Amino acid sequence: MTASLFRSMLLVFAASVVGSFGAVFLKLGAARLNGSLLSFANSRLVFGVALFLGSSVFYLLGIRSGQLSVLYPMVSLGYIWTLAWSRLFFGEPFTRPKFFGLALILLGVFFVGLGSK
Amino acid sequence: MRLTSIAASPAKKRPASRRKGVALVFSCTLLGAAAQILMKNGMAHFAPTPVALLTNIPLIIGFALYGVNTLMLVLALREGDLSTLYPIIALTYVWVTLLSYLLLREKPSLFKNIGIIIIIVGVAALGRGNRK
């Protein structure tokens, strides 16, 4: 593995972690909506959107040097982190359909990555 | 200003509410795919000048769709489990791949085709688990 690929993988890995926390904050912010348009400007939603933007920056920096077939599927690692955070922060149960569905999605994205040269 | 339709938030989520969450994320994936294709199109004649940016309609619509997309994701997240709804976003890969074949004339690839079928099965498995 070249140093440049390792650097790209680190960046995309960071993008997946930052993005998964973005999802957590969007969920936290969503619970604060009260029907008023102003409630969309709550700190949790704003922070969640900022994390999503930050995640995109890491991702774009990461994929700049190519090797999409490796890097593209790595973004979907974020779904695994989100599964863990969902249980940790929101007490959502781990269920068989969640593991099974997620495993298939990761496999599918891996294949899409293989086809993206 | 009140948005009463999105204000209702039962403490215990009923199946109809959970289906609404899935339907919203599903719509998100369609919008997200359209946004990606538009932005790719817009980046093809990207120039870092104000006039070029303000007249780059595909790029502007693409960004706007991302905004709407995020808004809908937030509304969806009120309706169900994050761990069920969030991975559904992977359907975006399916639409982007199909739209790239149709609109960007990309050559179909066996690996991509296998991949998008597996993603669809995976999302279906997640969705079925959500019904119980």
Side-chain angles (χ1 to χ4, degrees), chain A residues 19-20 22-24 26-40 45 48-49 52-53 56 69 72-73 75-76 78-87 89-117, chain B residues 1-9 21 24 39 43 66-67 69-71 73-94 96-97 100 106-132:
Chain A
S20 70
V24 167
L26 286 194
K27 171 88 179 163
L28 283 171
R32 297 218 148 190
L33 296 180
N34 59 17
S36 145
L37 272 186
L38 269 181
S39 67
F40 278 96
L45 274 190
V49 170
F52 268 178
L53 289 176
S56 321
S69 53
Y72 200 43
V75 187
S76 50
Y79 302 137
I80 300 178
W81 319 142
T82 310
L83 185 68
W85 308 150
S86 299
R87 173 157 161 159
F89 299 128
F90 305 114
E92 297 177 7
F94 285 159
T95 64
R96 215 178 316 162
K98 283 180 191 173
F99 280 117
F100 184 58
L102 191 53
L104 284 175
I105 288 171
L106 292 175
L107 183 68
V109 176
F110 172 74
F111 270 99
V112 173
L114 282 183
S116 315
K117 282 283 138 56
Chain B
M1 205 185 298
R2 303 285 299 178
L3 293 173
T4 39
S5 61
I6 58 164
S9 178
L24 274 166
M39 288 175 89
M43 288 307 277
Y66 262 126
N69 188 35
T70 309
L71 195 73
L73 179 62
V74 171
L75 294 180
L77 289 180
R78 305 177 74 213
E79 309 289 347
D81 280 8
L82 179 63
S83 48
T84 300
L85 295 175
Y86 195 60
I88 296 176
I89 294 177
L91 277 182
T92 309
Y93 286 105
V94 174
V96 168
T97 303
S100 303
E106 281 182 14
K107 240 181 92 183
S109 125
L110 178 63
F111 282 129
K112 279 189 184 177
N113 294 343
I114 294 173
I116 62 179
I117 290 168
I118 300 176
I119 292 174
I120 292 170
V121 176
V123 170
L126 261 177
R128 281 189 74 82
N130 188 46
R131 267 199 235 150
K132 286 170 200 143

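Only a predicted model underlies this, so the values are computations on that prediction, with no experimental measurement involved. Numbered from 1 within each chain, the chains take letters A, B, ... in sequence-line order.
Per-residue heavy-atom pair counts under 4.5 Å with chain A were compared for B:Leu77, B:Val94, B:Leu82, B:Leu110, and the maximum is reached by B:Leu82. Most heavy-atom pairs under 4.5 Å with chain B, from the set A:Leu83, A:Thr82, A:Val49: that is A:Thr82. In terms of heavy-atom pairs under 4.5 Å with chain A, the best-connected choice from B:Ala124, B:Pro87, B:Ala76 is B:Pro87. Of the listed residues (A:Ile105, A:Leu107, A:Leu106, A:Leu26), the one with the most heavy-atom contacts under 4.5 Å to chain B is A:Ile105.
Residue contact with chain B, scored on non-hydrogen atoms closer than 4.5 Å, is absent for A:Phe110. In this structure, chain B has heavy atoms under 4.5 Å from both the backbone and the side chain of A:Val24. Only the side chain of A:Leu45 comes within less than 4.5 Å of a heavy atom in chain B; its backbone stays farther off.
At least one donor-acceptor pair closer than 3.5 Å links the side chain of A:Tyr79 to the backbone N or O of B:Ala90. Listed for the A:Glu92 side chain is no donor-acceptor partner under 3.5 Å among the backbone atoms of B:Asp81. Judged by distance alone, the side chain of B:Ser100 and the main-chain N or O of B:Glu106 form no donor-acceptor pair under 3.5 Å.
For the residue pair A:Lys98 / B:Ser83, a side-chain donor-acceptor distance below 3.5 Å is found, with atom types taken as modelled.
The distance from atom CD1 of A:Ile80 to atom CH2 of A:Trp85, rounded to the nearest 0.5 Å, is 11.5 Å.
Using a 4.5 Å heavy-atom cutoff, the side chains of A:Phe90 and A:Leu28 are in contact.
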